[in-house]
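These numbers come from a predicted model, not from an experiment. First the proteins, then the strands, lettered A, B, ... as listed; each starts at 1.
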Amino acid sequence: MKEKELRRTLAVLPIGTAMKLTDLSARQIRYYEDQDLIHPHRNEGNQRMFSLNDIDRLLEIKDYLADGMNIAGIRYAFEEQKRKSKLTSIQGASHELTDDDVRRILREELLQTGGFEGPDIPGFFHKKSL
DNA sequence: CTTCTTACA
DNA sequence: TGTAAGGA
């Protein structure tokens, strides 16, 4: 179960493949990297190389954006995922939540705009969604 | 041909 | 965000 995760983190996909897999433009992908939403590796020729995890990440960004969240909000969401997974990791394997669980739970919290209990982040949501 | 960075009639 | 420019 660890060998598979290793492969998932291998950055072997060029931006062209990432574009086809996520249906995002190179411009968008590079912009998200600029906003620290993704950190693709760079090969010898300074070319971005994406892992399958990076692809999932891009797909999540796409979903969050579609739900009216903006870059700042998404960055915060990912920070929360990191924070929460650190907690579960020190609580023991019995209560282990998969990354997918964490993502879905957080997603639900954020979707219920009125019920979201978190620090106020200026411009968390797109003006359009407000 | 693909990707990279920078800049904006 | 798109796209053009100029180099790798």
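- Near-neighbour residues of DNA chain B inside residues 36-51 of chain A, defined by a heavy atom below 4.0 Å, number-ordered: R42(A), N46(A), Q47(A), R48(A).
- When the side chain to side chain donor-acceptor pair (under 3.5 Å) test is applied to R57(A), no partner is found at least two apart in sequence or on another chain.
- Taking the side chain to side chain contact (heavy atoms under 4.5 Å, CB included) definition, one finds that L10(A) meets it with V12(A), sequence neighbours left out.
- Residues forming a side chain to side chain donor-acceptor pair (under 3.5 Å) with D23(A) (at least two apart in sequence, or on another chain): none.
- Residue pairs meeting the salt bridge (charged side-chain N to carboxylate O under 4.0 Å, His left out) criterion with at least one member in residues 1-20 of chain A, sequence neighbours excluded, are R8(A)-D56(A).
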Requested in this report: Let me have DNA chain C in dot-bracket notation, would you? Count Watson-Crick plus G-U wobble pairs, both distances under 3.5 Å, and use [ ] for pairs crossing earlier ones and | for inter-strand partners.
Outcome: .|||||.|
Check nucleotides 7-9 of chain B for protein N or O atoms closer than 3.5 Å to its own N or O atoms and list the pairs.
none

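- Checked against side chain to side chain donor-acceptor pair (under 3.5 Å), S51(A) has the following partners two or more places apart in sequence or in another chain: D54(A).
- The side chain to side chain contact (heavy atoms under 4.5 Å, CB included) test applied to Q47(A) returns N43(A), not counting sequence neighbours.
- Read 5' to 3', the first and last nucleotides of DNA chain C with an atom closer than 4.0 Å to a heavy atom of chain A are dT1(C) to dT3(C).
- Sequence neighbours left out, the pairs with a member in residues 34-47 of chain A that pass salt bridge (charged side-chain N to carboxylate O under 4.0 Å, His left out) are E33(A)-R42(A).
- Under the rule for a side chain to side chain donor-acceptor pair (under 3.5 Å), the partners of S25(A) that lie at least two apart in sequence or sit in another chain are Q28(A).
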